[in-house]
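Count residues from 1 along the sequence.
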Amino acid sequence: KVTVEKAGFTSLIESGVVLHPAMVATVNATLKISQVATELTVTAAADAVQTATHEVSSQVSEAQAGTLPLNGRNYQALAAAMPGVTNLSAGSSLGQGGRATNNVMSVNGLGNNQTFYTLDGIVNENIGNMTQESIIPNPDTIEEVRVLQNNYSSKYSLLGASVVLVQTKSGSSTFHGDAYDYFRNNDLNARNFFSQIVPLLKQNIFGYTLGGPVLIPKAYNTNREKTFFFWSEQWVSSHQGTVLQGATPTAAQRSGLFNTPIYVPGTNNTVTFPQVQPGVYQIPSSLLSPASSAYLNALYPLPNNAGNGFNNYLNTAPQLTNQRDDELKINHNVNSKIRLLGEWLDERQTLQSASMLSAPAGAGSPFPNNYEQDVTRNQMGQIQSTIILSPSMVNTFGIAANVYVLDLNIEGIDYDSQVPGFNPQLPFSGYLSNRLPLVSISQGWSSAGIPGARPLTHASHLDDMVTEDWGWLHGKHYIQAGIN
């Protein structure tokens, strides 16, 4: 609500003025000379058209974020509701955060690593790759999503060609909340073309939000204008089947028997191994490496889908996701001129892939003998003060932190010692040098082993922020200064 008054003139009160993130709101007040004290109240202002700046931006409201159907309950699917913004994974279910969830917003045709994301003003980026957010808030906690596309203020141009500002809800003078459970399964799903069964799908995304005044009856905040809270919790439990095809040697091939000519090494493909029967060629057992046989039998399972031809192995093991998100926000009005804000967000996820090939790294084997189990532990928090120094001057100061923590764990057969008879001699030794190597076989056979990127077991970063933002409305000019 905006009130404009001066002695000898009628007063003007305009309510329903909404301040959006990064937007300049203008109220054009006209006061008339009055001999008698009168007051004009405007309660239904026209839709605001921003004329104070030449910024190009789009926004999604609370009502849209909370009611539009989102495949995966990820707010980035709202890209379809904003001009100039595209969902790069349209038609696919999006993740709810953590290791396997990448940004899908393309602004002005740019890649998903060209946009800077903030959450309540806090840097919300995985700085390691710039394609992931540390925390993805669930739609029931979002007040507004705003995308700055062109000609926006320099205070938001920390990096990236565009900026996504996400503002979460706060508590109010009345209690409000909701509870939900979004459930999906495979009961009505069709069978995958390459699978003999319908892939498993059991997904539950459930939680609640609660907001309102912090009060003690007859003792504290009885007028409900002092302290407010907003609390949210969400859980994700997902079992999503995969359909991974692979080519693995048969039992006969492991013993040296092949139905196609096998040439003796060193003969320039002119001499084949002998036929033990018409059309069946035998590699003598003396030429088979015991170490290679040990590796092959440990890492390559026998075919389970022989009717599919060359790709004779099918892995339908599910990808398992367990996640919990928490958010707590406290707003406190010290007086009419000083306001304080404190909030904390936490996201914990355990992601178990069906194989190394289906893991986020996307390399290695399609077989279930080894797989990744990645643990994400991300947190964000801030403390902020807003002080109205005068009717035309405001100062905001805050400190914040963004913590991104990822543990990369490999389960199953991943060390040399787990394969009896396989004892490689390396010219070096050191941390994790005893992990199984990645073996690739030509002619389309599947790989097996541990990818070269997986000596890495941990990734993390800490972003500390200090912000100082001062604004002064002086006549027809608005002057801003600050530090970030």
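Here Tyr208 and Tyr180 keep their ring centres 6.0 angstrom or further from each other. For an aromatic pair to be called close, the ring centres must be under 6.0 Å apart, and Trp445 with Tyr300 fails this.
By the ring-ring contact (aromatic ring centres under 6.0 Å, His included) test, Tyr431 pairs with no residue at all, sequence neighbours left out. Ser58 meets the side-chain hydrogen bond (donor to acceptor under 3.5 Å, both in side chains) test with Gln149; sequence neighbours excluded. With sequence neighbours excluded, the residues forming a side-chain hydrogen bond (donor to acceptor under 3.5 Å, both in side chains) with Asn331 are Ser170, listed by chain and number. For Gln64, the side-chain hydrogen bond (donor to acceptor under 3.5 Å, both in side chains) test picks out Ser61, with sequence neighbours left out. In this structure Arg184 satisfies the salt bridge (charged side-chain N to carboxylate O under 4.0 Å, His left out) test with no other residue, sequence neighbours excluded. Residues meeting the ring-ring contact (aromatic ring centres under 6.0 Å, His included) test with Phe228, sequence neighbours left out: none. In this structure Asp346 satisfies the side-chain hydrogen bond (donor to acceptor under 3.5 Å, both in side chains) test together with Arg348, sequence neighbours excluded. The salt bridge (charged side-chain N to carboxylate O under 4.0 Å, His left out) search around Asp326 returns Arg324, not counting sequence neighbours.
In this model, no donor atom of one side chain and acceptor atom of the other lie less than 3.5 Å apart for Ser232 and Thr141. Counting only N and O atoms by type, the side chains of Thr131 and Asn129 include a donor and acceptor under 3.5 Å apart. Side-chain contact annotation: Gln76 with Glu133, donor-acceptor N/O pair under 3.5 Å present. Side-chain contact, Gln323 with Asp325: a donor N or O sits under 3.5 Å from an acceptor N or O. Side-chain atoms of Asp181 and Asn204 include a donor-acceptor pair closer than 3.5 Å.
Crowding of Gln196 atom CD: a count of heavy atoms from other residues, nucleotides or ligands under 6.0 Å not exceeding 12. The number of heavy atoms from other shown groups lying within 6.0 Å of CG (Leu426) is above 12. Enclosure of atom CD1 in Ile383 is not indicated, since only 12 or fewer non-hydrogen atoms of other residues, nucleotides or ligands lie within 6.0 angstrom. Environment of CD1 in Ile479: crowded, with over 12 heavy atoms of neighbouring residues, nucleotides or ligands closer than 6.0 Å.
Screening residues 58-117 for ring-ring contact (aromatic ring centres under 6.0 Å, His included), with sequence neighbours left out, gives no hits. Residue pairs meeting the side chain to side chain donor-acceptor pair (under 3.5 Å) criterion with at least one member in residues 159-168, sequence neighbours excluded: Thr115-Ser162, Asp120-Gln167, Asp120-Thr168, Thr168-Glu327, Thr168-Lys329. A side chain to side chain donor-acceptor pair (under 3.5 Å) check over residues 400-409, counting only residues at least two apart or in different chains, returns the pairs Asn126-Tyr404, Gln132-Tyr404, Ser134-Asn402, Arg377-Asp407, Asn402-Asp463, Asp407-His458. Annotation: side chain to side chain donor-acceptor pair (under 3.5 Å) contacts involving residues 236-246, sequence neighbours excluded, comprise Gln245-Asn308.
Between Trp344 and Trp231, the ring-plane angle classifies as parallel under the 30° and 60° cut-offs.
Between Met105 and Thr86 there is no side-chain heavy-atom pair separated by less than 4.5 Å. Between Val104 and Leu94, the closest side-chain pair of non-hydrogen atoms falls below 4.5 Å.
The closest donor-acceptor contact from the side chain of Asn124 to the backbone of Thr118 lies at 3.5 Å or more, if one exists at all. A donor-acceptor distance shorter than 3.5 angstrom exists from the side chain of Asn112 to the backbone of Asn103, with no hydrogens or angles considered. With hydrogens and angles ignored, the 3.5 Å screen pairs no side-chain donor or acceptor of Asp374 with any backbone N or O of Arg99. Side chain of Gln96 to backbone of Gly72: a donor-acceptor contact under 3.5 angstrom is found.
Salt bridge Asp469/Lys155: present, at least one basic N to carboxylate O contact under 4.0 Å.
When each of Phe183, Tyr182, Trp235 is checked for a ring pair (Phe, Tyr, Trp, His ring centres under 6.0 Å) with Phe206, only Trp235 meets the rule.
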